[in-house]
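A quick write-up on the structure given underneath.
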Amino acid sequence: MEGDSGVTAHTQGLNGAFHHECKETEELTNGHSNHKPVMNGLMPGHSVKEHANSSSVLKSLPISALKQNGLLQSLAAGGKQPKTERESADVEQAREEWETLESIQPVVSEESSPTPLISFNEALQHFQTTDLGELLKKIQPIIRRTGLATFTHFLFGPPRLHRELLEERDLVFAIAQCSLDNSQAVHLRVLQTIYKRLTGSKLDCPRFGTHWENVGFQGTDPATDLRGTGFLGLMHALYLVMDPETLPLARDIFKLSQHPTQNFPFCVMSINMTCIALHALREEALSKECNRRQQVVGVLNEFYVATFLHLYQLWKSQQKTVSDSGFVLKEVELFAKKNPKQMLRRLDVFLRERRYPDPTAQRPSPCLGGRGARSEGTRGKEMHFTGVCELPLNMEGEARLI
């Protein structure tokens, strides 16, 4: 540091104005510095007379204001009054505070450290070990059919889910009844993980704010978009961004959601894919595959990703916009529920091609549309998105979309 540096602070006293000037002079001698703090024109250890000229900065203030401040009484009296014991103590305290100022270092609290990411399995284990008894009473895991519909479904419908898988299926529907709880650390970690994996941020973001709109929620509170799927909507998004194989797909979809003309709210669209998956599970369209694999959660996760992939490629290849969302969602749901095995096979082929790309061949994707789209720009903020989750559930047959 070369030359002199000065710091001037102005404070307002209780009964009048108080001008407080501090100067620090630094002299360099053989690589060492000597600090000489000067306060109110007085250098500690020197008399008032030696620095009488420094009181000129205070002459613009009324003398009554100066007399009301104990440290300036000697200046107000023309420097003839001796320093009192109180004045000496205040000056000494000020000198000590100034000398220790440079040694103060900022301390980062543990609370400011970023929240660690959470895996899908860790979040699922939280629900497996939580008492969901009250939520289980509210679930409706299969469609209630009456009359001829019951007989027709028994003869020509899909097979029933194996008995040993019923508990796992019920857990899925219980999670779909669970709301976002700010008092649950796991819930907040799931939310933070989704945001960080989509945006690439390393730091936590506030629980409420417009930044949630940047990842495709419709407002400042993601909880308001979970009415149709409960916490399962966030669990599926977590699976999409935390699985190493599906993360590139998640980012591709996220880029398309920010396209200047083809934009759509990413997280709201993801929640609609969860709705479609729940409808398919409730209508037993996934029972055959669940029985074959002897699992429910894994099949449901893959079906969710496959449905999102189908929508992504259809949206991109056919240049869809948010005004087409109702028709596109209806088309995607009808196709997915009628062809669950084909949807899962297409996803498997898509991921295999990405895992082992063949640079010598230009093979089209097994799903609609091609891969890789330029998707720059931002999503319009004044957007209202109506999808599957905002529609009442039709308990007699297939759920309908507008």
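A quick note: this is a predicted structure, and the numbers were derived from the prediction, not measured. Side-chain atoms are counted along with the backbone in the values below, which use heavy atoms only and exclude waters and symmetry mates. The residues of the chain are indexed from 1 along the displayed sequence.
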Just distance, no hydrogens or angles: give the donor-acceptor pairs under 3.5 Å from side chains in residues 298-306, sequence neighbours left out.
| residue | atom | partner | partner atom | Å |
| --- | --- | --- | --- | --- |
| N301 | OD1 | H236 | NE2 | 3.4 |
| N301 | ND2 | V297 | O | 3.4 |
| E302 | OE1 | R293 | NH1 | 3.1 |
| E302 | OE1 | R293 | NH2 | 3.2 |
| E302 | OE2 | R293 | NH1 | 3.2 |
| Y304 | OH | S270 | OG | 2.6 |

For L165 and V296 the tightest heavy-atom approach is O-CG2, 3.8 Å
Next on the checklist: Evaluate D204 against T115 for side-chain hydrogen bond (donor to acceptor under 3.5 Å, both in side chains), listing each step before the verdict.
Outcome noted: CA-CA 6 Å; D204 290 351; T115 302; 2.5 Å; yes
Ring pair (Phe, Tyr, Trp, His ring centres under 6.0 Å) filter on H211, not counting sequence neighbours, yields Y195
Q125 atom CD, neighbour heavy-atom count above 12 within 6.0 Å
no
L198 and A250 have their tightest heavy-atom pair at CD2-O, 4.5 Å
Taken in chain and number order and not counting sequence neighbours, the residues that satisfy side-chain contact (heavy atoms from CB on, under 4.5 Å) with D348 are R352
d(R346 CZ, L344 CG) to nearest 0.5 Å is 11.5 Å
For H187 and S179 the tightest heavy-atom approach is CE1-O, 3.6 Å
Scanning both residues in full, the closest heavy-atom pair of L329 with M273 reads CD2-CE, 3.4 Å
**Item:** E134/Q177 under side chain to side chain contact (heavy atoms under 4.5 Å, CB included): CA gap, chis, key distance, verdict
**Value:** CA-CA 10 Å; E134 292 300 319; Q177 291 285 331; over 6 Å; no
Heavy-atom nearest pair, P159 first then E284, reads O-OE2, 4.3 Å
The reported gap from CD in E213 to OG1 in T220 (rounded to nearest 0.5 angstrom) is 7.0 Å
CA sep, side-chain torsions, deciding dist, call: S119, N121, side-chain hydrogen bond (donor to acceptor under 3.5 Å, both in side chains): CA-CA 5 Å; S119 67; N121 287 336; 5.6 Å; no
CA sep, side-chain torsions, deciding dist, call: S257, H259, side-chain hydrogen bond (donor to acceptor under 3.5 Å, both in side chains) = CA-CA 6 Å; S257 74; H259 191 275; over 6 Å; no
Can you check whether F266 and F217 have ring centres sitting under 6.0 Å from each other?
no
- Residue pair S323, T321: steps toward the side-chain hydrogen bond (donor to acceptor under 3.5 Å, both in side chains) verdict: CA-CA 5 Å; S323 61; T321 66; 2.8 Å; yes
| request: May I ask you to check whether over 12 heavy atoms, not counting those of K196, lie within 6.0 Å of atom NZ? | output: yes
Ring pair (Phe, Tyr, Trp, His ring centres under 6.0 Å) with F127: of F231, F173, F120, only one passes, and it is F231
When every non-hydrogen atom of A223 is compared with those of L180, the smallest separation belongs to CB-CD2, 3.9 Å
- Message: Please determine whether the number of non-hydrogen atoms from other residues, nucleotides or ligands lying under 6.0 Å from atom CZ of R355 exceeds 12.
- Response: yes
Ion pair check, E122 and R189, cut-off under 4.0 Å
yes
